[in-house]
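No hydrogens, no waters, no symmetry mates; every other heavy atom, side chains included, goes into these values. Worth saying up front: this structure is predicted, and the values here are computed from it rather than measured.
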Amino acid sequence: MTVLISVWGASPGVGKSTLCDGLSRWLAGAGLRGDHFREEEVLTRPQFTAVAEEFKATGRVRLQTLIAGTAQFVDAVVASGDDVVITDALVPFVPTLLAMGHGEEAIDAFMSDLTEVLAQVRPVIGIPPWIPPPSGGGGNGFLRSRAGKAGSPPGRIGVYRQRPAGDG
């Protein structure tokens, strides 16, 4: 089963892309076959054509369109036979959905749909330790508030936040 690694964080410019580049090179050096889906490719990858067109036309993307594009992407990942796919800030889309004005109830339903779509791969969402958590003093806290709860899609997907050494 292909591992889908999504490096996620709350802010632009904090090193997610640099981390993804390095991780991609390291995994290739270890002999794993993979793909690196860069953040800016969401508007050019063929599986996300409808997402890009809808966004360009309206400045928003319907949740159904985003799920359909993600399902097409996952199908392509499975068909590729890659060992690992690294996505730079792609999944779980929460900051984008919040910015587009979707409420918590709609995002909760979206996350359930996303969990089903991602069932064909082994998703891992990584939050680098130097990126501040999206809850507490500044973030909405939506993803963090659901991580690890029974029956919660992000908890089933697996949200991992590496803690810096000495951080208890």
Side-chain angles (χ1 to χ4, degrees), residues 1-12 16-17 19-20 23-24 34-56 58-128 131 133-135 139-162:
M1 180 177 280
T2 302
V3 175
L4 183 135
I5 300 172
S6 183
V7 176
W8 186 81
S11 304
K16 296 179 303 292
S17 298
L19 176 63
C20 288
L23 183 57
S24 183
D35 180 20
H36 179 186
F37 188 139
R38 289 167 177 78
E39 185 173 12
E40 63 275 9
E41 292 176 8
V42 74
L43 297 177
T44 59
R45 288 270 179 140
Q47 301 87 5
F48 286 93
T49 298
V51 171
E53 289 173 354
E54 196 169 301
F55 181 74
K56 287 176 187 174
T58 68
R60 293 177 49 101
V61 177
R62 291 176 299 130
L63 298 178
Q64 310 90 292
T65 306
L66 193 52
I67 284 292
T70 305
Q72 291 174 19
F73 171 68
V74 169
D75 288 344
V77 164
V78 171
S80 75
D82 285 342
D83 299 307
V84 63
V85 174
I86 299 168
T87 65
D88 181 352
L90 184 66
V91 175
F93 305 106
V94 173
T96 302
L97 299 175
L98 289 168
M100 284 191 230
H102 296 290
E104 285 198 22
E105 190 173 301
I107 295 173
D108 227 9
F110 174 84
M111 294 303 286
S112 293
D113 294 342
L114 182 63
T115 299
E116 290 178 31
V117 166
L118 295 177
Q120 297 182 72
V121 294
R122 183 171 174 218
V124 175
I125 298 174
I127 304 172
I131 297 176
S135 61
N140 173 285
F142 183 82
L143 180 62
R144 177 79 46 219
S145 70
R146 283 152 181 78
K149 289 186 179 176
S152 168
R156 286 183 283 175
I157 289 172
V159 177
Y160 298 95
R161 180 175 178 78
Q162 197 176 18

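Considering CG of L118 and CE of M111, their distance stands at 8.5 Å, rounded to 0.5 Å. Distance NZ/K16 to CG/L23: 15.0 Å, rounded to 0.5 Å. Note: T87 OG1 to R38 CZ = 12.0 Å, rounded to the nearest 0.5 Å. In this structure, the separation between CD on E40 and CG on D88 is 7.0 Å, given to the nearest 0.5 Å. A distance of 8.5 Å separates OG1 of T96 from CZ of F55, quoted to the nearest 0.5 Å. Distance CD1/I86 to OG/S24: 4.5 Å, rounded to 0.5 Å.
In this view, T65 and A50, V51, E54, V61, R62 satisfy the side-chain contact (heavy atoms from CB on, under 4.5 Å) rule, not counting sequence neighbours. Residues satisfying the ring-ring contact (aromatic ring centres under 6.0 Å, His included) test with F93, not counting sequence neighbours, are F110.
Residues in residues 74-83 take part in these salt bridge (Lys or Arg N to Asp or Glu O under 4.0 Å) pairs, two or more places apart or across chains: R33-D82.
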Evaluate the side-chain contact (heavy atoms from CB on, under 4.5 Å) criterion for residues L66 and L97: first the C-alpha distance (whole Å), next the side-chain angles of each, then the deciding distance (0.1 Å), finally the verdict. CA-CA 10 Å; L66 193 52; L97 299 175; 3.8 Å; yes
Please step through side-chain contact (heavy atoms from CB on, under 4.5 Å) for the pair D35 and V77, ending with a clear verdict. CA-CA 9 Å; D35 180 20; V77 164; 5.7 Å; no
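When all heavy atoms are compared, the tightest approach of Q47 to Q72 is O-OE1, 3.3 Å. Minimum heavy-atom separation, H36 to E41: O-OE1, 3.8 Å. Here the closest non-hydrogen pair linking L43 and A52 is O-CB, 3.6 Å.
Each of T2, L4, I5 was evaluated against V84; a single residue qualifies, I5, per the side-chain contact (heavy atoms from CB on, under 4.5 Å) test.
For R45 and F73, the positive end is not near the middle of the six-membered ring at less than 6.0 Å and at most 45° from its axis.
Within the 4.5 Å cutoff, no side-chain heavy atoms of I107 are placed close to those of E104.
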